[in-house]
Amino acid sequence: MAKSSPLSLNELMERAHNMAGIRLADIASDNNIMVPTDLRRDKGWIGQLIESELGALAGSKPEQDFLHLGVELKTIPIDHKGKPLETTYVTVAPLINIQGMTWENSVVYHKLQRVLWVPVEGERSIPVGERRVGTPILWQPTAQQAKQLQQDWEEIMELIALGQVDKITARQGEVLQLRPKAANSKVLTESISEDGSIQLSNPRGFYLKIDFTQQILTNEFS
DNA sequence: GAGTGATCATGT
DNA sequence: ACATGATCACTC
């Protein structure tokens, strides 16, 4: 059955807490969804399953999952120690028409204003259906975290504005990084070139580094 | 192609 | 061992 959209933050958190400790196979059967053997061809499967269970409006809009609640949903694969196994995708990076753009009106800023983190066991040795959901965490950036994010965002956007997008590596940025975000490296989109004109580049996305998300998860239990 | 959901798999 | 760069599926 498709879940209705939660009407309040309390209702959303209650649903999230009710998933803690549950196997993905059980959540899948509750939503009439088949469990894939592995995630090689279903990389977004867990995220979409959790969206379905929590009643997120499945869509491809560049907005928060629960816009009416001001909450973005992120599932995060963790190992047996609770450490994230992957970086966390935030949003596509704008590569043109970025003049006048500021941190406060950026999509990264808005999506990270309030995030519901749902940890899920992610080790490949555990069959997908046997993986269990962890305790959800509702997070808002601390002043220090917000400052780190803003600093990285501004540095990266400055390089994009200067036509250096193809020279930016994932090492740029302390907590926020820029990496390819496309079906493959042949996909092209418009970007700013060194002389200020338009060129074609592989699309990029903003990702949160592992150490940063780990800090979010562990601070919650300290 | 651009957006959503991310994980894969190779290089270092 | 691990993060970077590459990739997968789907919708519109």
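Computed from a prediction, not measured in an experiment: that's the story for all the values here. Below, read A as the first sequence line, B as the second, and so on, with proteins coming before strands; counting in each chain starts at 1.
Nucleic acid contact for A:Gly47: sugar-phosphate only, since backbone atoms but no base atoms lie under 4.0 Å from a heavy atom of the residue. A:Lys111 comes within contact range of the sugar-phosphate backbone alone, with a heavy-atom separation under 4.0 Å but no base atom that close. The residue A:Ala183 sits close to a base: some heavy atom pair falls under 4.0 Å. Within the 4.0 angstrom heavy-atom criterion, no nucleotide atom of any strand lies near A:Gln64. Heavy atoms of A:Asp38 sit nowhere under 4.0 angstrom from any nucleic acid atom. Residue A:Thr75 is classed as a sugar-phosphate contact, given heavy-atom separations below 4.0 Å to backbone atoms only. Here A:Leu85 lies out of heavy-atom contact (under 4.0 Å) with every strand. Note on A:Pro77: only backbone sugar-phosphate atoms sit closer than 4.0 angstrom, heavy atoms only; bases stay farther off.
Under a 4.0 Å N-O distance rule, the pair A:Lys167/A:Glu194 qualifies as a salt bridge.
Looking at the side chain of A:Val92, the nearest of the listed nucleotides B:dT4, C:dA9, B:dA9 is B:dT4. Taking only side-chain atoms of A:Gln48, from C-beta outward, the nucleotide of B:dG1, C:dC8, B:dG5 with the closest atom is B:dG5. Checked against C:dT4, B:dT7, B:dT4, the side chain of A:Tyr89 finds its nearest nucleotide in B:dT4. Distances from the side chain of A:Arg179 to the nucleotides C:dT7, C:dT4, B:dG5 place C:dT4 closest. Side chain of A:Thr189, nearest nucleotide from C:dT7, B:dA2, B:dT4: B:dA2. Residue A:Arg41 has its side chain nearest to C:dA9 when only B:dT7, C:dA9, C:dG5 are considered.
The CG-P distance, from A:Asp166 to C:dG5, rounds to 12 Å in whole Å. If you measure from atom CD1 of A:Ile168 to atom C1' of C:dT4, you get 15 Å, rounded to the nearest angstrom. Following rounding to the nearest Å, A:Ile210 (CD1) and C:dC2 (P) show an atom-to-atom distance of 9 Å. Rounded to an integer number of Å, the gap from CG of A:Asn202 to P of C:dC8 is 13 Å. Regarding A:Asp42, its CG atom lies at a distance of 18 Å from the P atom of C:dT7, rounded to whole Å. As rounded to whole Å, 12 Å separates atom P of B:dT10 from atom CZ of A:Arg40. Nucleotide B:dT7 holds its P atom 14 Å from the CD atom of A:Glu121, rounded to whole Å. Here the C1' atom of nucleotide C:dG5 and the NZ atom of A:Lys209 are 14 Å apart, to the nearest Å.
When the nearest nucleotides of DNA chain B are assigned to A:Leu188 and A:Gly44 by heavy-atom distance, the more 5′-ward of the two goes with A:Leu188. Heavy-atom nearest nucleotides on DNA chain C were determined for A:Pro84 and for A:Ala182, and the one closer to the 5' end corresponds to A:Pro84. Toward the 5' end of DNA chain B, the nearer of the two residues A:Lys186 and A:Arg171, judged by each one's closest nucleotide, is A:Lys186.
Counted by atom type alone, A:Arg179 and A:Thr87 present one or more donor-acceptor pairs between their side chains at under 3.5 Å.
At a threshold of 4.5 Å between non-hydrogen side-chain atoms, the residues A:Gln172 and A:Leu159 count as touching. The closest side-chain heavy-atom distance from A:Gln150 to A:Glu104 is below 4.5 Å. By the 4.5 Å heavy-atom criterion applied to side chains, A:Val165 and A:Ile192 are not counted as neighbours.
Between A:Arg124 and the phosphate of B:dT7, there is no side-chain N or O to OP1/OP2 separation shorter than 4.0 Å. Neither OP1 nor OP2 of B:dG3 sits under 4.0 Å from any side-chain N or O of A:Thr91. At least one side-chain nitrogen or oxygen of A:Ser185 sits closer than 4.0 Å to the OP1 or OP2 atom of C:dT7.
Judged by distance alone, with hydrogens and angles left aside, A:Tyr207 brings a side-chain donor or acceptor within reach of the base of B:dA6, the pair sitting under 3.5 Å. Contact of A:Lys181 with B:dG5 (side chain to base): a donor-acceptor pair of N or O atoms is detected under 3.5 Å.
Checked by atom type and distance alone, the side chain of A:Asp79 pairs as donor or acceptor with a backbone atom of A:Gly82 at under 3.5 Å. Side-chain atoms of A:His68 never come within 3.5 Å of backbone atoms of A:Ser8 as a donor-acceptor pair (strictly under, hydrogens ignored).
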